[in-house]
Every structure is written in C-alpha cells, then in structure tokens.
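Down below is the structure, laid out as structure tokens.
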Amino acid sequence: MKNFILLLIFIMSVSCAQEKQTLKGETEWQKEQNANFKDATKSPLKDKDRKTFTGLDFYKFDSTYVIKAVLKRTPDSKWFNMKTTTNEVTKERVYGVLNFELKGESHQLNVYQGQELMETNDFRDYLFLPFLDDTNGEGSYAGGRYVDLTIPEGDEIIVDFNTAYNPYCVYNEKYSCPIVPRVNYISTKVEAGMKAFEK
C-alpha cells in the first residue's frame, strides 16, 4: 500500500511538472512576453494554441540592435487612415522621422502617433514604430513587426529592436492589426526580437 501511494505521488508530480512547462526566454522582456502569452487573461493565442504553448521563438539578444536614433519631428503632418488586416482603419500621423545607423549603414523610419491613444493618460506619450526588413518571411513574420517607443524630451531616442514583436493577428485573426507602410522598409536584416510564429 505504501509503495502504491508513493507511486501515485510520483505520477501526480510528473503530471504537474508537465503541465507547468518551463517557458523560454533569455531576457526579462522575452520572459514577460512568454508569461503574457501563457496567461489566458492577456494572451492573443487561441485556446488550443495556448494549451500547448511553451514559449515564443526569439532571435538571440544582440546589443548591435540597440541603437540611438535622431528624431526629426514633423509637427505639421496630416492625420491619415492607416490600413489594418480587417476593414477597420486607425487614425495615425507621422510624429517624426528616425535617422540612425545600423551595421555601418544609414537608415530612416517613420514613427507614428495614434489619435485615439494620445487622448488617453496611459498612452499620451506612446509612439508606434512598425517596420519591414530583410528577415520578413525568412525567420520573422512576413508582414513586418512593431516596436513600442515613448516620446523623448530631446531629439534622441533609443530604439531596441530586440523588443520587436509580431502583430496580434499573427496568432488570432480576430485582431485588427495595422499594416506596416511600405515606406517603413529598411534594406537590412534585423535579426533581433520575435521570430515568426510556428503553430
């Protein structure tokens, strides 16, 4: 009887260990992303995908992709409707242009401000950086990725491409995601941040 109880405890502990699978993540940001994706209250994953989820795939952290950009503000830019993956549109404007060097080459990207978000306390200083690069479709999501930024006090801003993430519609078509404007393509491989999602 004692042996049977010990065996039962062992089976239950193995079962629990399998349920609490270790989530992947090299950096704090990666671990936080994986925790959010596993959490049913925050996750964009479909239930069937979340149940077997053990972690997203990321490129290895590389400080080369933490860059200092010069922000040239465009205060007179017009609001426009940014297309999304659904019939919805999001009202955006080009807040400014980021000029930076990556791997010895000069690049520039538009950074956007959302009309609705800037009217909320939590996102008043939020800037949206969607971009395309030469990893799209060959390691990263074909439609491009996003980076979240905050309006700086001066004209310099740190962009960490290691925090580049996929649009939520990659995981679930119920989400409406902004389509990255073609003007925000940089002709280099940004081997940082999230990789393509493999179901």
Side-chain angles (χ1 to χ4, degrees), residues 29-30 32-34 36-37 42-46 49 56-59 65 67 69 71-100 102 107-152 157-199:
W29 181 81
Q30 291 178 4
E32 183 182 339
Q33 295 301 309
N34 281 332
N36 288 340
F37 270 67
K42 300 177 182 177
S43 181
L45 294 170
K46 295 179 178 178
D49 294 324
L56 299 162
D57 287 323
F58 301 94
Y59 288 98
Y65 294 105
I67 56 100
L71 171 64
K72 183 179 179 182
R73 288 173 170 82
T74 53
D76 298 324
S77 61
K78 306 293 185 205
W79 294 101
F80 71 96
N81 291 327
M82 184 178 280
K83 292 182 178 179
T84 70
T85 51
T86 64
N87 292 329
E88 294 178 23
V89 292
T90 173
K91 210 79 169 175
E92 305 279 339
R93 74 181 185 99
V94 177
Y95 181 85
V97 180
L98 300 178
N99 291 281
F100 59 94
L102 185 60
H107 301 280
Q108 68 175 36
L109 289 168
N110 289 340
V111 63
Y112 300 89
Q113 185 176 41
Q115 192 174 59
E116 284 186 25
L117 287 179
M118 69 181 290
E119 293 170 359
T120 65
N121 287 331
D122 291 344
F123 292 94
R124 184 170 289 137
D125 296 328
Y126 174 78
L127 294 177
F128 176 52
L129 178 61
F131 72 97
L132 299 159
D133 71 278
D134 289 341
T135 67
N136 298 153
E138 296 180 9
S140 71
Y141 172 57
R145 291 173 291 167
Y146 305 156
V147 174
D148 296 331
L149 297 173
T150 302
I151 296 173
I157 188 168
I158 300 298
V159 180
D160 185 356
F161 286 106
N162 293 286
T163 63
Y165 62 95
N166 297 325
Y168 271 13
C169 50
V170 170
Y171 312 101
N172 194 327
E173 61 278 359
K174 76 175 185 180
Y175 290 96
S176 179
C177 302
I179 295 171
V180 181
R182 288 299 306 172
V183 69
N184 262 29
Y185 162 72
I186 52 175
S187 58
T188 188
K189 287 188 174 183
V190 180
E191 295 175 310
M194 282 186 192
K195 293 185 176 182
F197 180 60
E198 301 292 338
K199 293 185 179 180

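More than 12 heavy atoms of other residues, nucleotides or ligands sit less than 6.0 Å from atom NZ of K195. Crowding of N81 atom CG: a count of heavy atoms from other residues, nucleotides or ligands under 6.0 Å exceeding 12.
Between F161 and F100, the ring planes are tilted. Angles from 30° to 60° get that label. Note on ring orientation: taking the six-membered ring where Trp is involved, the planes of F123 and Y126 are perpendicular (angle over 60°, cut-offs 30° and 60°). Classified by interplanar angle (parallel below 30°, tilted 30° to 60°, perpendicular above 60°), the ring pair F128/Y146 is perpendicular.
Between the side chain of T74 and the backbone N or O of Y95, at least one donor-acceptor pair lies under 3.5 Å. When atom types are taken as modelled, the side chain of N36 and the backbone of K42 share no donor-acceptor pair closer than 3.5 angstrom. Although no hydrogens or angles enter the test, the distance criterion places no donor-acceptor pair under 3.5 Å between the side chain of Q113 and the main chain of L127. In this structure, S77 contributes its side chain and V94 its backbone to a donor-acceptor pair below 3.5 Å. With hydrogens and angles ignored, the 3.5 Å screen pairs a side-chain donor or acceptor of T84 with a backbone N or O of E88. Checking side-chain atoms of D125 against main-chain N and O of I151 turns up no donor-acceptor pair under 3.5 Å. Listed for the D57 side chain is no donor-acceptor partner under 3.5 Å among the backbone atoms of A196.
From K91, atom NZ reaches atom CD of Q115 across 6.5 Å, with rounding to the nearest 0.5 Å. In this structure, M194 CE and Q33 CD are separated by 4.0 Å, a value rounded to the nearest 0.5 Å. The distance from atom CG of L132 to atom CD1 of I186, rounded to the nearest 0.5 Å, is 9.0 Å. In this structure, OG1 on T86 lies 8.5 Å from CD1 on I179, to the nearest 0.5 angstrom.
Taking every heavy atom of both residues into account, L98 and I157 meet most closely at CD2-CG2, 3.5 Å.
With Y171 as the aromatic partner, K46 does not meet the cation-pi criteria of under 6.0 angstrom to the ring centre and within 45 degrees of the ring axis.
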